[in-house]
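The structure under discussion appears below in the form of structure tokens.
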Amino acid sequence: MLKLGWFSTGRGEGSLGLLRTVQDAIASGELPARMEFVFSNREPGEAEGSDRFFRQVRDFGTPLVTLSSQRFRREQGGGPFSRHRANFDREVMRLLEPYNPDVSMLAGYMLITAGEMCNLYTMLNIHPALPGGPVGTWQDVIWDLIAQGGSEAGAYVHLATEDLDRGPVLTYCSFPVRGSDFDELWRLVEGHSVEELKATEGEELLLFRRIREEGVRRERPLVVETLKAFAAGLVGVVDGLVLDWEGKAIQGLCLNEEIENSIRDAG
């Protein structure tokens, strides 16, 4: 059984929904795993969203470990958090010493982890782009896709390293952004620069919204299917290398079939 750690700031419905999705998969037996702990860099009382997240964690019966990064930075003299990141991570690792996860998921965790923590844990992160695609926020990724006139979008789960969003890819999925469902939306942006589209319609742009919707539909299934593949030994990490079930190094496992089946089964 896979021992799973979970890192999340727990800010809103996205983080809460992803946690519920994985917990439901565990409860149903779909995912042979046990949630060892949930860690948050907020503490009770800091924000309504994280307090709601904490209540859900407790309802699941999962150990909750918290350490406020905001309070830590203030108590360490203030200034940019980058000055305190390594010490903060060391304190987090001290708090998590009782646990020994096989793999940990960064799920809406709003801090960059320093190298020491990345080396201690096998930490996975999801990024809303195709392997080798743009880094940055999901908004940046979509605008880049529109600017390039791309035909395909996707998401990948990668090993968290100090190279932000560029760690080795474990799994990925892709989906078309051309064809009958998209062509009219592309016609509406013809002749307009991304700068103009941002200024006039911004994230309300129909093409932008549709790409985001299709990406979000696949992100939660991708996390579940990745953890299932990890639990089944179909993909793993040894000394920073991503390996398949035969122990051969790979550039990522494509989970398109599993993701599309999951979306279809969900109705």
Side-chain angles (χ1 to χ4, degrees), residues 1-67 92 95-96 98-111 113 117 121-128 138 155-160 170-173 215-237 253 255 258-267:
M1 178 175 290
L2 187 70
K3 294 184 294 182
L4 180 60
W6 199 265
F7 289 75
S8 180
T9 302
R11 294 193 308 170
E13 288 302 316
S15 299
L16 186 55
L18 182 53
L19 178 67
R20 284 175 178 158
T21 297
V22 172
Q23 286 283 20
D24 287 347
I26 292 173
S28 70
E30 177 188 358
L31 173 59
R34 179 179 70 248
M35 191 77 75
E36 292 283 289
F37 65 84
V38 171
F39 173 79
S40 174
N41 64 299
R42 284 182 178 175
E43 292 172 344
E46 281 195 43
E48 180 182 345
S50 51
D51 282 350
R52 187 165 54 251
F53 181 83
F54 297 156
R55 288 194 294 271
Q56 183 68 83
V57 173
R58 293 189 181 100
D59 287 345
F60 286 135
T62 303
L64 174 65
V65 182
T66 64
L67 179 64
V92 172
L95 293 171
L96 295 177
Y99 308 101
N100 185 31
D102 298 315
V103 63
S104 294
M105 193 75 210
L106 299 173
Y109 188 60
M110 304 310 294
L111 296 180
T113 52
M117 182 177 280
Y121 298 115
T122 299
M123 307 183 83
L124 309 183
N125 192 29
I126 186 169
H127 183 63
W138 62 265
Y156 61 84
V157 173
H158 65 95
L159 187 65
L170 275 84
T171 62
Y172 65 93
C173 67
V216 168
R217 290 178 69 200
R218 289 162 174 82
E219 287 179 7
R220 292 182 188 178
L222 178 60
V223 170
V224 172
E225 293 298 331
T226 296
L227 294 175
K228 286 168 62 177
F230 209 101
L234 299 178
V235 65
V237 177
L253 178 66
L255 293 176
E258 291 83 353
I259 302 305
E260 299 308 314
N261 286 342
S262 177
I263 292 173
R264 185 179 62 251
D265 292 344

Worksheet item: For the atom pair CG (L16) and CD (Q56), what is the distance rounded to the nearest 0.5 Å?
Response: 5.5 Å

Worksheet item: Is a side-chain donor or acceptor of T66 paired with a backbone partner of S40 at a separation under 3.5 angstrom?
Response: no

Worksheet item: So which pairs with a foot in residues 225-237 pass side chain to side chain donor-acceptor pair (under 3.5 Å), sequence neighbours left out?
Response: E30-K228, T171-T226, E225-K228

Item to complete: Could I get the full list of salt bridge (charged side-chain N to carboxylate O under 4.0 Å, His left out) partners for R218, not counting sequence neighbours?
Response: E214, E260

Fill in: Gap separating the CG atom of L159 from the OG1 atom of T122, nearest 0.5 angstrom
6.5 Å

Practice prompt. Can you see which heavy atom on G236 is nearest to which on F230, and at what distance?
Written response: CA-CE1, 4.1 Å

Worksheet item: Which class fits the ring pair H127 and H158: parallel under 30°, tilted 30 to 60°, perpendicular over 60°?
Response: perpendicular

Response to the item:
Smallest heavy-atom separation, V65 atom then Y99 atom, equals CG2-CE1, 4.0 Å

Worksheet item: Okay, side chain of S262, backbone of E258: is any donor-acceptor separation there less than 3.5 Å?
Response: no

Practice prompt. Could you tell me whether the side chain of V223 reaches within less than 4.5 Å of the side chain of L18, counting heavy atoms only?
Written response: yes

Worksheet item: Which pair of heavy atoms, one from M123 and one from L106, lies closest together, and at what distance?
Response: CE-CD2, 3.5 Å

Worksheet item: Are the side chains of E36 and L96 in touch, meaning some heavy atoms are under 4.5 Å apart?
Response: no

Worksheet entry | Side chain proximity check, L19 to M35, heavy atoms < 4.5 angstrom | yes

Worksheet item: For the atom pair CG (D102) and CG (L4), what is the distance rounded to the nearest 0.5 Å?
Response: 9.0 Å

Worksheet, complete the sentence: Between D51 and P44, the two heavy atoms sitting closest are OD1-CA, 3.4 Å

Practice prompt. Answer yes or no: is there a side-chain heavy-atom contact under 4.5 Å between T9 and S15?
Written response: no

Worksheet item: To the nearest 0.5 Å, how far apart are OG1 in T62 and CD1 in I26?
Response: 7.5 Å

Discussion item. Does any part of the side chain of L253, heavy atoms only, come nearer than 4.5 Å to the side chain of L170, both counted from C-beta?
Written reply: no

Discussion item. So L2 and P32, do their side chains get closer than 4.5 Å, heavy atoms only?
Written reply: no

Worksheet, complete the sentence: d(F60 CZ, Q23 CD) to nearest 0.5 Å is 5.0 Å

Fill in: Student check: side-chain heavy atoms of W6 and P101 closer than 4.5 Å
no

Worksheet item: What is the ring orientation for Y109 with F7, classed by angle as parallel under 30°, tilted 30 to 60°, or perpendicular over 60°?
Response: perpendicular

Item to complete: Look up atom CZ in R220 and atom CD1 in I263, then write down how far apart they are to the nearest 0.5 Å.
Response: 12.0 Å

Discussion item. The test is side-chain contact (heavy atoms from CB on, under 4.5 Å); show your working for Y121 and T113 and say whether it passes.
Written reply: CA-CA 11 Å; Y121 298 115; T113 52; over 6 Å; no

Discussion item. side-chain contact (heavy atoms from CB on, under 4.5 Å), that's the test. Do R42 and F54 meet it? Break it down for me.
Written reply: CA-CA 10 Å; R42 284 182 178 175; F54 297 156; 4.2 Å; yes

